[in-house]
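Proteins come first, then strands; the chains are lettered A, B, ... in the order of their sequence lines, and each starts at number 1.
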Amino acid sequence: MRIATWNVNSLNARLGRVEAWIDQAQPDVLCMQETKLADTAFPAMTFQSLGYDTVHVGEGRWNGVAILSRVGLDDVQAGFADGGPADPEARVVWATCGGIRVASVYVPNGREVGHDHYHYKLGWLARLRADLDANCKPTDAVAVCGDFNVAPTDLDVWDVTRFEGATHVSPPERQAIAALEEWGLEDVFRRKHQSGGLFSWWDYRAGMFHKGEGMRIDLVLASASVAERVEWVLIDRNARKGKLPSDHAPLVVEVRA
DNA sequence: ATGGTCGCGCAGCGA
């Protein structure tokens, strides 16, 4: 079973490239983030014609998450079900696909350390942990996939000296990822690749992609029963090349049946 | 060269 996650930065702008990538990469499950679509504008039939069931949670101009699956898509949960108030932003959707409880998450960016949005980000990650507590067990097959907007370690940024005091690397953000790992999830990319300099996002500006100046912020965090079955993991840098790319590359995880 | 780019949507913000 092949699970992928990709922040597409507007599905409207990216649909052609997403269709071409699906054709080439053949994911069984594809989690997308930043669709920037209302639910009524989501091209469900386009994906249905390619063999995928879909769920989309959108709001229109910003955010928006989806799961595509050709191995079943059941027990959909839109947003958090941790007993708290509804998140006003469309940033998480869950579904069971091929026996795995899959989440597509778009963690808030945070903007600047100390900003209101930074506190929203930390609170959001704490709610994700509470959502796991309320709805899953660490012994379940779970895969939380998406744009976490956190580089888990210094290996995951192109130059640590350029990130002093910045978001995405601050100790509270990294601690929030560590709390998910303490719950029982594992960064499956890091399980298979120990070297740094392997990134999933590059700023559009200043030729940063071509200079190799990026961050690894798109993750699949999987419970042990999934992580143990992972055969290989890759970031498809080719999808970041060429005309009209997203600023993120897809992350692909191959899991034994 | 002291900025560099996108997307959304039509100004300027967010990433």
Asker: Determine, for nucleotides 5-15 of chain B in 5'-to-3' order, which nucleotides have protein heavy atoms under 4.0 Å from the base (write B), from only the sugar-phosphate (write S), or from neither (write -).
Answerer: BSSSS----SB

Asker: For residues 174-184 of chain A, which side-chain N or O atoms pair as donor and acceptor with protein atoms under 3.5 Å away, sequence neighbours left out?
Answerer:
from	atom 1	to	atom 2	distance (Å)
A:Arg174	NE	A:Ala151	O	2.8
A:Arg174	NE	A:Pro152	O	3.3
A:Arg174	NH1	A:Asp154	OD1	2.9
A:Arg174	NH2	A:Ala151	O	3.4
A:Arg174	NH2	A:Thr153	O	3.1
A:Arg174	NH2	A:Asp154	OD1	3.2
A:Trp183	NE1	A:Asp133	OD1	3.0

Asker: Listing request: all ring-ring contact (aromatic ring centres under 6.0 Å, His included) pairs with a residue in residues 5-48 of chain A, at least two apart in sequence or in separate chains.
Answerer: A:Trp6-A:Trp21, A:Phe42-A:Phe47, A:Phe42-A:His56

Asker: Heavy-atom distance under 4.5 Å between the side chains of A:Ile67 and A:Val29, does that happen here?
Answerer: yes

Asker: Would you measure the distance from the C1' atom in B:dC13 across to the matching atom in B:dT2 and give it in whole Å?
Answerer: 23 Å

Asker: Measuring only the C1' atom in each nucleotide, how far is B:dG12 from B:dA1? A whole number of Å is fine.
Answerer: 25 Å

Asker: Expressed as a whole number of Å, how far does the C1' atom of B:dG9 sit from that of B:dG14?
Answerer: 13 Å

Asker: Taking only residues two or more places apart in sequence or in another chain, which ones pass ring-ring contact (aromatic ring centres under 6.0 Å, His included) with A:His115?
Answerer: none

Asker: I'd like to check the ring-ring contact (aromatic ring centres under 6.0 Å, His included) partners of A:Trp94; sequence neighbours left out, ordered by chain and number.
Answerer: none

Asker: Would you be so kind as to tabulate the donor-acceptor pairs closer than 3.5 Å made by side chains of residues 137-149 of chain A, with sequence neighbours excluded?
Answerer:
from	atom 1	to	atom 2	distance (Å)
A:Asp140	OD2	A:Lys137	N	2.8
A:Asp147	OD1	A:Asn149	N	3.0
A:Asp147	OD2	A:Asn7	ND2	3.0
A:Asn149	OD1	A:His168	NE2	3.0
A:Asn149	ND2	A:Val107	O	2.8

Asker: In whole angstrom, give me the gap between the C1' atoms of B:dG7 and B:dA11.
Answerer: 14 Å

